[in-house]
Structure formats: C-alpha cells, structure tokens
**Q** 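Dumping the structure here so I can ask a few things about it.
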Amino acid sequence: MALYSEKVMDHFRNPRNVGAMENADGVGQVGNAKCGDIMKIYLKIEEDVITDVKFETFGCGSAIASSSMATELIKGKPIGEAMELTNRAVAEALDGLPPHKMHCSVLAEEAIKAAIKDYYDRRGIGYDTAQFHDCASCGHCCGRH
C-alpha cells in the first residue's frame, strides 16, 4: 500500500489556489519554523461568502496537499460552513493521511479559522472566542496537540 493517496500526490504536485493575495479581507498564519510547517491562508469575502482563497505553505508534501484541498473545500462557501471544516474532513477529502502527517490537516483547519478571525477583527464583527484556537499562545506548531 502506498504511503500517500493519489489525491494527496495530485494536490502536492498540482496545488490549487496557491499564492499570495493582495487586499485580502482576512489572513491567517499558523505553524512555526521549529516543526517545519508554516501555513498562510488569504480570504476574499463578499456578503459572508468566501469568493476567493489562496495559500502559501512552507512545509512537507502533506502540508501543501492539505492547504490545497482545504482551499477547494471552502471556496464559494458561506463563512459559517468554512468554520465547520475539520481537519478530519480535509484528510478524508484527500483519501487519508498517514497518522504522523495528520497535523498537516490540523494546520489547514487552524489557518482557515485564523483568517476568518482576522476578517472579523478587521471588520469589528463580534464572535465567540471559544470558536478559535490561539496557536500563538499555546506554543504548539500544529494546533491542538
């Protein structure tokens, strides 16, 4: 059995929505150089719908594939739906990740939520802080580990 699915390899070799975005409505960055994976998500939002999304990821193939798939899963969706995206849904959409690479899908989930939080902060929109994990204060590179 192959270590990575065909979908993981496809999203690694041909990432979707890659690159920076000028004038993004929300930007979220998670990860740190210690663990080697840094993920940045840019959102363009109109009338509560994510109309465009881009990413920049420094990391392994699983991190790049997770970023790419996550952007595909939220593009064109209302913010509320994007907030419900879980790392498991990202991994399942990729037809699975090896257990030691699941942290990459966690980064994708957390980067999206960080970008949405940034959007709310920029617009002065209130939110429940419990919806968002503060990776910077917990000290872990991969979210909730």
**Q** How long is the span from the CE atom in Met9 to the CG atom in Leu3, to the nearest 0.5 Å?
**A**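 Atom-to-atom, Met9:CE and Leu3:CG are 9.5 Å apart.
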
**Q** Quick one, Ser67 and Pro15 - any side-chain contact, counting heavy atoms below 4.5 Å?
**A** no

**Q** Is the shortest side-chain heavy-atom distance between Val27 and Ile41 below 4.5 Å?
**A**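 With C-beta onward as the side chain, the pair stays apart.
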
**Q** Is the count of non-hydrogen atoms from other residues, nucleotides or ligands lying under 6.0 Å from Arg123 atom CZ greater than 12?
**A**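 Enclosed.
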
**Q** Against Ser62, only a single residue in His100, His103, Lys101 fulfils side chain to side chain contact (heavy atoms under 4.5 Å, CB included); can you say which?
**A**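 Testing each of His100, His103, Lys101 against Ser62, the sole residue satisfying side chain to side chain contact (heavy atoms under 4.5 Å, CB included) is Lys101.
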
**Q** Can you confirm whether the side chains of Asp25 and Tyr42 place a donor and an acceptor under 3.5 Å from each other?
**A**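 There is no such pair (donor and acceptor under 3.5 Å, judged by atom type) between the side chains of Asp25 and Tyr42.
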
**Q** Please report the C-alpha distance between Val90 and Leu85 in whole Å, then the side-chain angles of each, then the deciding distance to 0.1 Å, and finally whether the side chain to side chain contact (heavy atoms under 4.5 Å, CB included) criterion is met.
**A** CA-CA 8 Å; Val90 173; Leu85 182 69; 3.9 Å; yes

**Q** Could you walk me through whether Asp10 and Arg16 pass the salt bridge (charged side-chain N to carboxylate O under 4.0 Å, His left out) check?
**A** CA-CA 10 Å; Asp10 181 42; Arg16 284 67 152 178; 2.6 Å; yes

**Q** Does any non-hydrogen side-chain atom of Ser66 lie less than 4.5 Å from one of Leu107?
**A** no

**Q** Tell me whether Val49 shares a hydrophobic cluster with Ile125, the cluster being built from Ile, Leu, Val, Met, Phe, Trp, Tyr side chains joined at under 4.5 Å.
**A**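 Different clusters: Val49 never reaches Ile125 through Ile, Leu, Val, Met, Phe, Trp or Tyr contacts under 4.5 Å.
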
**Q** Checking Lys54 against Val18 for the side chain to side chain contact (heavy atoms under 4.5 Å, CB included) test, could you report, in this order, the C-alpha distance in whole Å, the side-chain angles of both residues, the deciding distance, and whether it holds?
**A** CA-CA 5 Å; Lys54 300 273 187 209; Val18 69; over 6 Å; no

**Q** For a quick check under 3.5 Å, do Thr71 and Asn17 share a side-chain donor-acceptor pair by atom type?
**A** yes

**Q** Would the distance check show the side chain of Ser68 and the main-chain N or O of Ile64 forming a donor-acceptor pair, the cut-off being under 3.5 Å?
**A** no

**Q** Please examine the side chains of Lys44 and Asn23, heavy atoms only from C-beta on, and report whether any two atoms are closer than 4.5 Å.
**A** yes

**Q** Do Ile79 and Tyr119 have side chains that get closer than 4.5 Å, going by heavy atoms?
**A** yes

**Q** Does any part of the side chain of Thr51, heavy atoms only, come nearer than 4.5 Å to the side chain of Glu46, both counted from C-beta?
**A**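 They are in contact (side-chain heavy atoms under 4.5 Å apart), so the answer is yes.
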
**Q** In sequence, state the C-alpha distance, the side-chain angles, and the governing distance for Asp95 and Val8, and then conclude on side chain to side chain contact (heavy atoms under 4.5 Å, CB included).
**A** CA-CA 8 Å; Asp95 292 336; Val8 170; over 6 Å; no

**Q** Could you label the plane-to-plane angle of the Phe132 and Tyr120 rings as parallel, tilted or perpendicular, counting under 30° as parallel and over 60° as perpendicular?
**A** perpendicular

**Q** Between the main-chain N or O of His11 and the side-chain N or O of Arg13, is there a donor-acceptor pair closer than 3.5 Å?
**A** no

**Q** Check Phe12 against Gly61 and note the closest heavy-atom contact, atom names and distance.
**A**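 Minimum heavy-atom contact is CD1-CA, 3.3 Å.
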
**Q** What is the distance from atom CG of Asp118 to atom CG of Leu43, rounded to the nearest 0.5 Å?
**A** 8.5 Å

**Q** Do other residues, nucleotides or ligands put more than 12 heavy atoms under 6.0 Å from the OH atom of Tyr127?
**A** yes

**Q** Indicate the atoms forming the closest heavy-atom contact of Leu97 with Ser105, along with that distance.
**A** CD1-CB, 3.9 Å

**Q** How many angstroms lie between atom CD1 of Ile50 and atom CD1 of Ile116, to the nearest 0.5 angstrom?
**A**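 Rounded to the nearest 0.5 Å, the CD1-CD1 separation comes out at 5.0 Å.
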
**Q** Check the pair Lys113, Glu109 against salt bridge (charged side-chain N to carboxylate O under 4.0 Å, His left out), reporting the backbone distance first and the verdict last.
**A** CA-CA 6 Å; Lys113 288 180 178 174; Glu109 174 188 344; 2.9 Å; yes

**Q** Take Ile38 and Thr57, measure what side chain to side chain contact (heavy atoms under 4.5 Å, CB included) needs, and give me the verdict at the end.
**A** CA-CA 6 Å; Ile38 300 172; Thr57 294; over 6 Å; no

